[in-house]
Amino acid sequence: MDPEEFRRHGHQLVDWMADYLSGVSALPVMPDIRPGEIRRLLPTSAPSQGEAFTALFDDFRELIVPGMTHWNHPGWHAYFPGNNSPPSILGEMLTATMGAQCMSWVTSPAATELEQVVMDWLRQMIGLPGDYVGVIQDTASTATLVALLSAREHATKGVSGRAGMVAGPKLAVYASLEAHSSVDKGVKLAGYGLDQLRRIPGDAAFALDPVALERAIEADLAAGITPACVVASIGTTSSTAVDPVPAIAALCRRHRVWLHVDAAYAGAAAIVPELRGYFAGMDAADSIVLNPHKWLLTNFDCTAYYVRDRDALLAAFSLTPEYLRTAHDAEVVNYRDWGIQLGRRFRALKLWFVIRSYGVEGLQAVIRRHVALAAELARWVDDADDFERMAPVPFGLVCFRYKPAGKPEDELDALNERLLRAINASGRVFLTHTRLAGRYTIRLVIGQRDTERRHVEAAWRIIREAAAEL
Ligand SMILES: Cc1ncc(COP(=O)(O)O)c(C=O)c1O
């Protein structure tokens, strides 16, 4: 494809993108597709000769788009949002165009220095003190693995990194029963062993109980096991519960345990001053993760990872083979030393575009709108005799179940499963579920960029009508 063809097709694509973004609400949120259906439509081996771009684009529109789930849909109420926005998409296009691999300062000085600037802007936006430094990771799962590896290095004073885990003391990690599964995965991958993860029970609002945490830490110490890391959640996945971070931080300080705060979804809300209370104690963490790719209108993937002690991070990850040495190493940041991977995408560009396009106030307004709509929906649920709210609503997630009068408890799980299937069959909204206190619970997240009051009203109407028809 020569530059002129590229220009022509690029214009066609941008026209398609603009139409898609403005028309996505008319599409079903979820495709009605059986497993294997898309694959059967595609050739089983690669073409031996190059094809015209028009053929590729036609197949994209006709074969691929109908099989996509539309995360951009204002009826997106599933999982957590995976937002993008026009400035972020344009930033991604430029990142792809530059094609830079940003492992070291020298491999693209502007990419490294922009990442430093943007991470510092975001640090200020979420109210973290100036001694935190940030780096963009691909996902919160990776960031939590990085935290667990740093904590291991910290607890073993580097012994594990030099001689393997056999040489180090036995270590333990603590997280609430509701902490995300990336903690289990990280504990496994970082070599602690899954049996060294202590799942600490929570209170009635699903937040970690610090008294139980203290008991678990003391039991491990008495057994000769070294407490290495506590993962505190601000905004759990099931219900957006907020762990009592100040009390947890005090325990971590007393026992010299690494404190990692997982605010993957909710962290974006820290940019709103009146929501900052939920983030009390976060400024005592050793590491923090939040995902601009969830609630800050930035294309997946883009995870912000903050640490207070940059040297501890470098101690765990820095490694410079001769072929990567440069004359500037002593005076620059080489982000390859701030995480697991060597090669890095230029992710700071899209986040920079988003923050500059919306401004801090524009982003605050989006989050305020979602939080206010969730509070309103929570009131509607509370006011409905046949629905039960299952958890507090600090951010944009409402957890509820259908509980018609006279239905015995042991039939409610199956009833709500059927209800969720009926709601999603409408094609106009997409909701997911979890279990809270063992009960099947429907989750409705309000966090998609374009979701407004009328969409939430429509979702609530669909839910009530589907319940009435059960
Ligand atoms: C609280 C929490 N932590 C971590 C994750 C993992 O995020 P990622 O997909 O960026 O790895 C999620 C995903 O929803 C989450 O809700």
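Just so you know, ligand 1 is whichever comes first in the structure, and atom 1 is the first atom listed for that ligand.
Neither side chain, Gln116 nor Asp120, offers a donor N or O lying under 3.5 Å from an acceptor on the other.
Contact annotation: for Tyr265 versus ligand 1, there are no heavy atoms closer than 4.0 Å. Within the 4.0 Å heavy-atom criterion, neither part of Thr142 lies near ligand 1. Under 4.0 angstrom from ligand 1, the non-hydrogen atoms of Asp262 all belong to its side chain. Contacts of Ser182 with ligand 1, taken as heavy-atom pairs under 4.0 Å, involve the side chain alone.
Atoms of ligand 1 lying under 4.0 Å from any heavy atom of His293, numbered from 1 in the order shown and given with element: 10 (O). Within ligand 1, counting atoms from 1 as listed, the ones closer than 4.0 Å to a heavy atom of Phe80 are 14 (O), 16 (O). In summary, the atoms of ligand 1 found under 4.0 Å from a heavy atom of Gly235, numbered by their order in the structure, are 1 (C).
Separation of the Tyr20 and His70 ring centroids falls under the 6.0 Å cut-off. For an aromatic pair to be called close, the ring centres must be under 6.0 Å apart, and Phe60 with Trp16 satisfies this.
In this structure, the protein non-hydrogen atom closest to atom 8 (P) of ligand 1 is Ala140 N, 3.6 Å. From the protein, the heavy atom lying nearest to atom 16 (O) of ligand 1 is Thr237 OG1, 2.8 Å. Here the heavy atom of the protein found nearest to atom 6 (C) of ligand 1 is His180 CE1, 3.4 Å. When hydrogens are left out, the protein atom nearest atom 13 (C) of ligand 1 is Lys294 NZ, 3.1 Å; that is the closest non-hydrogen contact. Looking only at heavy atoms of the protein, atom 11 (O) of ligand 1 is closest to Ser141 OG, 2.5 Å.
Remark: of the listed residues Val133, Val146, Leu149, Val146 is the sole one forming a side chain to side chain contact (heavy atoms under 4.5 Å, CB included) with Leu313. The residue from Asp286, Leu148, Val289 that alone fulfils the side chain to side chain contact (heavy atoms under 4.5 Å, CB included) condition with His260 is Val289.
Separating the CG atom in Leu213 from the CZ atom in Arg198 is a distance of 11.5 Å, to the nearest 0.5 Å.
Taking distance alone, with nitrogen or oxygen atoms compared against 3.5 Å, Asn291 approaches ligand 1 more closely than that limit.
Relative orientation of the Phe395 and Trp295 rings is perpendicular, given thresholds of 30° and 60° on the angle between their planes.
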ask   = Please walk me through it: do Tyr306 and Tyr132 pass ring-ring contact (aromatic ring centres under 6.0 Å, His included)?
value = CA-CA 6 Å; Tyr306 286 96; Tyr132 278 90; 7.1 Å; no
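Considering all non-hydrogen atoms of both residues, Val245 and Ala280 come closest at CB-O, 3.5 Å.
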